[in-house]
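Contents: one structure, followed by commentary.
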Amino acid sequence: MRIVIDEILRKKPADFEAFLSEMKLADYERWAKIFNLKQMAQTINFLTENNLLSYEDLEKKAQTVADNFNQLSVQIKTTEKHMTEIENLKTHIINYSKTRDTYTAYRKAGYSKKFYEKHTADLLLHKAAKAAFDELENKKLPYEKYHSAKKEIQNVLTAKANVDRLLGEDIWEKEKEKHKEQR
């Protein structure tokens with residue numbers, strides 16, 4: 001800290017405000033250097049833990065996780081478009097609960113034609129609701145995989161950007177633009 005103060009005093013600041021301004025700037029620069037060093041250390045740890053020791057492997061991994069993430073995003077967006085079907089599902093739930101007792105009685109009656117004729121509307125509603133529930137079981141959203149893929153893509157792309165910066169390449173901006181285009 002004394003070295004920083006001495007350097008600032010050598011610059012002969014005009015007043016105390018200028019001195020404080022220089023101190024803040026120096027403190028920020030110190031913080032930025034430490035932050036950047038920590039980022040690079042985290043990057044090296046990440047690369048080592050994930051056996052991404054060659055740049056080609058890192059690029060391949062970045063492309064793979066980006067493709068996986070984009071595929072899951074498209075799948076979720078497509079599925080979410082169908083979320084308007086929820087109102088239809090709500091209707092089926094209500095119909096199923098209203099007609100369950102009737103269907104149970106129909107089964108106990110040995111699937112009697114006479115009973116069926118008397119309660120046809122309720123039994124058809126019940127059957128339609130059951131079919132909708134069976135179909136719904138095959139349409140689960142992959143949110144857990146999506147969040148895992150999102151975290152992985154962030155880690156890999158951050159590591160790749162840090163390596164690119166370390167190598168002196170300004171590829172990070174290109175990646176951001178590419179990522180925005182994919183959205």
Side-chain angles (χ1 to χ4, degrees), residues 35 38-39 41-164 171-183:
F35 179 79
K38 286 180 181 178
Q39 288 293 309
Q42 287 176 348
T43 298
I44 290 170
N45 287 339
F46 176 82
L47 295 172
T48 304
E49 289 170 3
N50 291 282
N51 199 27
L52 299 170
L53 302 176
S54 73
Y55 189 77
E56 292 80 27
D57 290 343
L58 177 60
E59 268 187 325
K60 287 178 187 174
K61 180 71 171 180
Q63 188 61 48
T64 301
V65 297
D67 291 346
N68 184 36
F69 177 78
N70 292 332
Q71 180 184 9
L72 288 170
S73 293
V74 167
Q75 184 180 356
I76 286 175
K77 287 177 184 177
T78 301
T79 305
E80 285 178 342
K81 287 180 183 177
H82 299 295
M83 295 301 276
T84 56
E85 297 173 358
I86 289 177
E87 190 61 38
N88 186 26
L89 179 61
K90 181 180 171 184
T91 302
H92 286 300
I93 291 169
I94 291 169
N95 288 342
Y96 185 85
S97 68
K98 286 182 179 178
T99 61
R100 187 168 183 219
D101 292 338
T102 303
Y103 184 77
T104 303
Y106 175 58
R107 276 195 348 232
K108 286 182 181 177
Y111 300 102
S112 161
K113 287 184 180 183
K114 189 176 183 180
F115 188 93
Y116 183 83
E117 289 172 4
K118 187 175 180 183
H119 301 283
T120 302
D122 286 347
L123 293 172
L124 289 175
L125 285 175
H126 186 80
K127 188 175 181 178
K130 178 72 171 114
F133 296 151
D134 290 343
E135 185 181 322
L136 182 66
E137 286 184 18
N138 298 325
K139 292 184 179 180
K140 294 184 179 176
L141 295 175
Y143 281 117
E144 193 171 310
K145 288 181 183 177
Y146 173 82
H147 291 299
S148 174
K150 184 176 182 180
K151 185 176 181 179
E152 185 178 23
I153 192 173
Q154 288 171 339
N155 289 338
V156 172
L157 291 180
T158 300
K160 185 177 180 305
N162 286 338
V163 169
D164 290 341
I171 298 175
W172 177 248
E173 289 299 323
K174 293 177 186 175
E175 286 295 325
K176 283 174 73 176
E177 288 176 23
K178 184 179 176 183
H179 188 66
K180 285 181 183 177
E181 288 173 10
Q182 290 176 348
R183 287 185 184 175

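Hydrogens, waters and symmetry mates play no part in the numbers below; they use all other heavy atoms, side chains included. Please read all numbers here as calculations on a predicted model, not as lab measurements.
A salt bridge does not link Lys61 with Asp57: every distance from a Lys NZ or Arg NE/NH1/NH2 to an Asp or Glu carboxylate oxygen is 4.0 Å or more.
Residues Ala159 and Thr43 come closest through the heavy atom pair O-CG2, 3.6 Å. Closest of all the heavy-atom pairs between Lys160 and Glu59 is CE-CG, 3.5 Å. Across all their heavy atoms, Tyr96 and Ala129 have their closest contact at CB-CB, 3.7 Å. Counting all heavy atoms, side chain and backbone alike, Leu157 lies closest to Ala62 at CD2-CB, 3.8 Å.
Inter-residue side-chain proximity for Tyr103 and Asp122 is flagged as unmet; no heavy-atom pair is nearer than 4.5 Å. Contact annotation: the side chain of Thr102 approaches that of Leu123 to within less than 4.5 Å [non-hydrogen atoms, C-beta and beyond].
Rounding to the nearest 0.5 Å places NZ of Lys130 at 15.5 Å from CG of Leu125. Rounding to the nearest 0.5 Å places CG of Asn95 at 11.0 Å from CG of Leu124. To the nearest 0.5 Å, the span separating NE2 on His119 from NZ on Lys114 amounts to 11.0 Å. Between Tyr55 atom OH and Leu47 atom CG the span is 11.0 Å, to the nearest 0.5 Å. Note: Leu58 CG to Asn51 CG = 12.0 Å, rounded to the nearest 0.5 Å. With values rounded to the nearest 0.5 angstrom, Gln63 atom CD is found 11.5 Å from Asn68 atom CG.
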(Q) Quick one, Thr64 with Phe69, criterion side chain to side chain contact (heavy atoms under 4.5 Å, CB included). Give me CA distance, side-chain angles, the key distance, then yes/no. (A) CA-CA 9 Å; Thr64 301; Phe69 177 78; over 6 Å; no
Q.
side chain to side chain contact (heavy atoms under 4.5 Å, CB included) for Asn162 and Phe46? Distances and angles first, verdict last.
A. CA-CA 11 Å; Asn162 286 338; Phe46 176 82; over 6 Å; no
Q.
Walk me through whether Thr78 and Gln75 qualify under side chain to side chain contact (heavy atoms under 4.5 Å, CB included).
A. CA-CA 5 Å; Thr78 301; Gln75 184 180 356; 5.8 Å; no
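Checked against side chain to side chain donor-acceptor pair (under 3.5 Å), His92 has the following partners two or more places apart in sequence or in another chain: Asn88.
Less than 6.0 angstrom separates the ring centroid of Tyr106 from the ring centroid of Tyr111.
Under a 3.5 Å cut-off, the side chain of Ser97 and the backbone N or O of Ile94 do form a donor-acceptor pair.
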